[in-house]
Number of protein chains: 2
Amino acid sequence: MKRNSRLSSTLHILVHMAEKPAQALTSEQLATFIHTNPVVVRRTIAGLRDAGIVTSSRGHGGGWLLGRAPEDISLAEISAALGETLLPFSTEPESPGCLVEQAVIAVLDDFRIAAERLLQEKLSHITLADLTADFRRRYDLIGVSSHAV
Amino acid sequence: MKRNSRLSSTLHILVHMAEKPAQALTSEQLATFIHTNPVVVRRTIAGLRDAGIVTSSRGHGGGWLLGRAPEDISLAEISAALGETLLPFSTEPESPGCLVEQAVIAVLDDFRIAAERLLQEKLSHITLADLTADFRRRYDLIGVSSHAV
DNA sequence: TTTATCGTAACTAGTTAAGTTACATGAAAC
DNA sequence: GTTTCATGTAACTTAACTAGTTACGATAAA
């Protein structure tokens, strides 16, 4: 799993879970999907469990399941549950008392807050169901072309 | 200079330059503003010179000057010149051929492109002049309160 | 009781970016 | 023309972050 691909890796995992809604998938299985380690998976999606997006169960036959219907899981929630920051730049003061810095931070913070709200709004309209639908389309296309050839 | 604060540090520097439009400021001076090393400054704002946002001159009396009026320098240009990525997540394929991944990347890429355009648009409306104006307001406020006390 | 699974702490390794040193290049001042 | 002051840049060091790994306790089904 590369740097900065936690969101896409997590979505990858979730689509697989959505495709097998009745079957608990183990961290081991999920890890193979994104070519990584089971512990990394558990660590990465621990936040999703806390947010109710997925559930986990221990012991024999245990594993991971979606916590609710794919239509009710938005990318905004997933991103937030991962603790991802939408905008990469920081606005932490480094020279408290410097008026120039204060002005810079004020303007940048205004932008950051507005931008974050905007991105969150956009992400809240994309659901896991949209992703599975897109996957299904691709899957069916391959099927058709296989028949054709 | 902390991680991820290249944009705000650079803006800090630029406001100082805008406040002394006739005086070439050395990397040494700029470095003290943001508590770092002259070489780090040169490296950081090298891209701004290539973009014409600032100019530099060597030798005795040399240093850095704004390349044009603060009203004509937008945060969008500055951010771009720094090589900053507005959105932090990657959409690089890691399992080419996996339809799930393709679906995830497709949806995420659509979002990323739209979001980037949106952020850039917003940033293009904020200029260095806005920052200096904000600084001036704060500066004058302090002055007034000093008089009052 | 055994086996399969998650939860989590602790450590290792790889990557990135800042910080630093060193020196060549260029331009003004004397 | 020599000295001084600046940038440009390569090369190295250091610090921080994060993925990856190992280990083991807790839990639940067979």
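Worth saying up front: this structure is predicted, and the values here are computed from it rather than measured. Chain identifiers are assigned alphabetically (A, B, ...) following the order of the sequence lines, protein sequences preceding nucleic acid strands; residue numbering begins at 1 within each chain.
For B:S56, the side-chain atoms get nearest to D:dT7 when compared with the rest of C:dT20, D:dT7, C:dG7. The nucleotide whose nearest atom lies closest to any side-chain atom of A:T36 is, among D:dA30, D:dT7, D:dG20, D:dG20.
With rounding to whole Å, A:R6 atom CZ is found 10 Å from D:dA19 atom C1'. One can place CE of A:M17 at 13 Å from C1' of C:dC6, the figure rounded to the nearest angstrom. In this structure, B:H60 atom NE2 and C:dC30 atom P are separated by 7 Å, rounded to whole Å. What separates CH2 of B:W64 from P of D:dC5 is a distance of 20 Å, to the nearest Å. As rounded to whole Å, 13 Å separates atom P of D:dA19 from atom CG of A:L7. Nucleotide D:dT27 holds its P atom 15 Å from the CZ atom of A:R42, rounded to whole Å. Protein atom CG of B:N37 is 15 Å distant from nucleotide atom P of D:dG8, rounded to whole Å. Rounded to whole Å, the distance from CD on B:E28 to P on D:dG8 is 15 Å.
Of the two residues near DNA chain C, A:S27 and B:K2, the one whose nearest nucleotide lies more 5' is A:S27. Closest-nucleotide positions on DNA chain D for B:L25 and A:V39 were compared, and the one nearer the 5' end corresponds to B:L25. Residue-to-nucleotide proximity on DNA chain D shows that, of A:S5 and A:G61, the 5′-proximal contact is made by A:S5.
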B:R117 vs B:E121, test: salt bridge (charged side-chain N to carboxylate O under 4.0 Å, His left out). Steps then yes/no. CA-CA 6 Å; B:R117 187 149 34 211; B:E121 219 277 323; over 6 Å; no

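No side-chain heavy atom of B:V107 sits less than 4.5 Å from a side-chain heavy atom of A:D130.
Nucleic acid contact class of B:G59 (heavy atoms, under 4.0 Å, all strands): base. Note on A:R43: a base of the nucleic acid sits closer than 4.0 angstrom, heavy atoms only.
Judged by distance alone, with hydrogens and angles left aside, the side-chain atoms of B:T26 form a donor-acceptor pair with the main-chain N or O of B:Q29 at under 3.5 Å.
More than 12 heavy atoms of other residues, nucleotides or ligands shown are found within 6.0 angstrom of CD on A:E116. Counting heavy atoms of neighbouring residues, nucleotides and ligands inside a 6.0 Å radius, atom NZ of B:K2 exceeds 12 of them.
Phosphate proximity of D:dA6 to B:T26: absent, as no side-chain N or O sits under 4.0 Å from OP1 or OP2.
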